[in-house]
Amino acid sequence: MAETTTPAASAPSDTAPSSTAESAAPASSSAPAAPGPYAIVEASGQQFWLQPDRYIDIDRLHAEVDSTVTLETVLLVKDGSGTTLGAPYVKGATVELQVLAHRRGPKILVYKMRPKKKTRRKNGHRQELTRVLVKSIQVSGKPIA
């Protein structure tokens, strides 16, 4: 009787690893791909991946809410026909952004201490941000999205 339970117990354990291996294979085969056109732009010393009709928080812009801002520092443009890489910027490419709101980021605590000196300093910081909506990505005046 012990012999019959041992093969039965080993049979589910044999199928369990193969089922996890099968379930892991589709997850690794579906690599994250960017759906639709996108652009990589430089703004406030950082690079941002922008897609049409999506919003993003960037450093505070000096613009009114509901105004339109145009970025001309486009590093890369990907559309249905292919990818255009700039050197350093793509010539004639622009991204139009609509300012949705001015916000503040999460609070970050900075705590400095010198051991054995009874010196402690606690400081907080909240970054000033602007939430923008990507209206369109254009190359040579023609919208790609």
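Along the sequence shown, residues carry numbers from 1.
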message = If you compare all heavy atoms of A39 against all heavy atoms of V95, which two are closest, and at what distance to 0.1 Å?
response = CB-CG2, 4.3 Å

message = Any heavy-atom pair between the side chains of D66 and Q98 that's under 4.5 Å?
response = yes

query = Which pair of heavy atoms, one from S44 and one from D59, lies closest together, and at what distance?
reply = OG-OD2, 3.4 Å

message = Is it the case that atom CZ in R60 sees more than 12 heavy atoms from other parts of the structure closer than 6.0 Å?
response = yes

ask   = Do you know the tightest heavy-atom contact between P37 and P52?
value = O-CD, 3.5 Å

query = Which heavy-atom pair separates L61 from H102 by the least distance, and what is that distance?
reply = O-CE1, 3.5 Å

inquiry  = Tell me the closest heavy-atom pair linking V65 and A101, and the distance in Å.
reply    = CG2-CA, 4.4 Å

query = Just how far is it from atom NE2 of H125 to atom CD1 of I108, taken to the nearest 0.5 Å?
reply = 6.0 Å

inquiry  = Could you go through E128 and R104, starting from their C-alpha distance and side-chain angles, then the distance that decides it, and tell me whether this counts as side-chain contact (heavy atoms from CB on, under 4.5 Å)?
reply    = CA-CA 5 Å; E128 301 286 328; R104 296 182 77 193; 3.3 Å; yes

inquiry  = Can you tell me which residue among V41, T130, L50, T70 is in a side-chain contact (heavy atoms from CB on, under 4.5 Å) with L97?
reply    = L50

ask   = Hey, any chance Y55 and I58 share a hydrophobic cluster, counting ILVMFWY side chains that come within less than 4.5 Å of each other, even indirectly?
value = no

key: Backbone N/O of R114 and side chain of T119: donor-acceptor pair under 3.5 Å   = no

Closest contact, heavy atoms only, V69 versus A63 = CG2-CB, 3.9 Å

query = What's the spacing between D79 CG and Y38 OH if we round to 0.5 Å?
reply = 10.0 Å

ask   = Roughly how far, to the nearest 0.5 Å, is the NZ atom of K78 from the CD1 atom of I137?
value = 11.5 Å

V132 side chain reached by I56 side chain, heavy atoms, under 4.5 Å = yes

task = Report yes if the side chains of T68 and K135 come closer than 4.5 Å at any heavy-atom pair, otherwise no.
result = no

request  = Give the cluster check for V74 versus L133: same hydrophobic cluster or not, with ILVMFWY residues linked at side-chain heavy-atom distances below 4.5 Å.
outcome  = no

request  = Dump the intermediate steps for side-chain contact (heavy atoms from CB on, under 4.5 Å) on R54 and V134, then the final yes or no.
outcome  = CA-CA 6 Å; R54 296 199 179 191; V134 180; 5.5 Å; no

query = More than 12 heavy atoms of other residues, nucleotides or ligands under 6.0 Å from CD of E64: is that the case?
reply = no

inquiry  = To the closest 0.5 Å, what do you measure between CZ (F48) and CD1 (I40)?
reply    = 12.0 Å

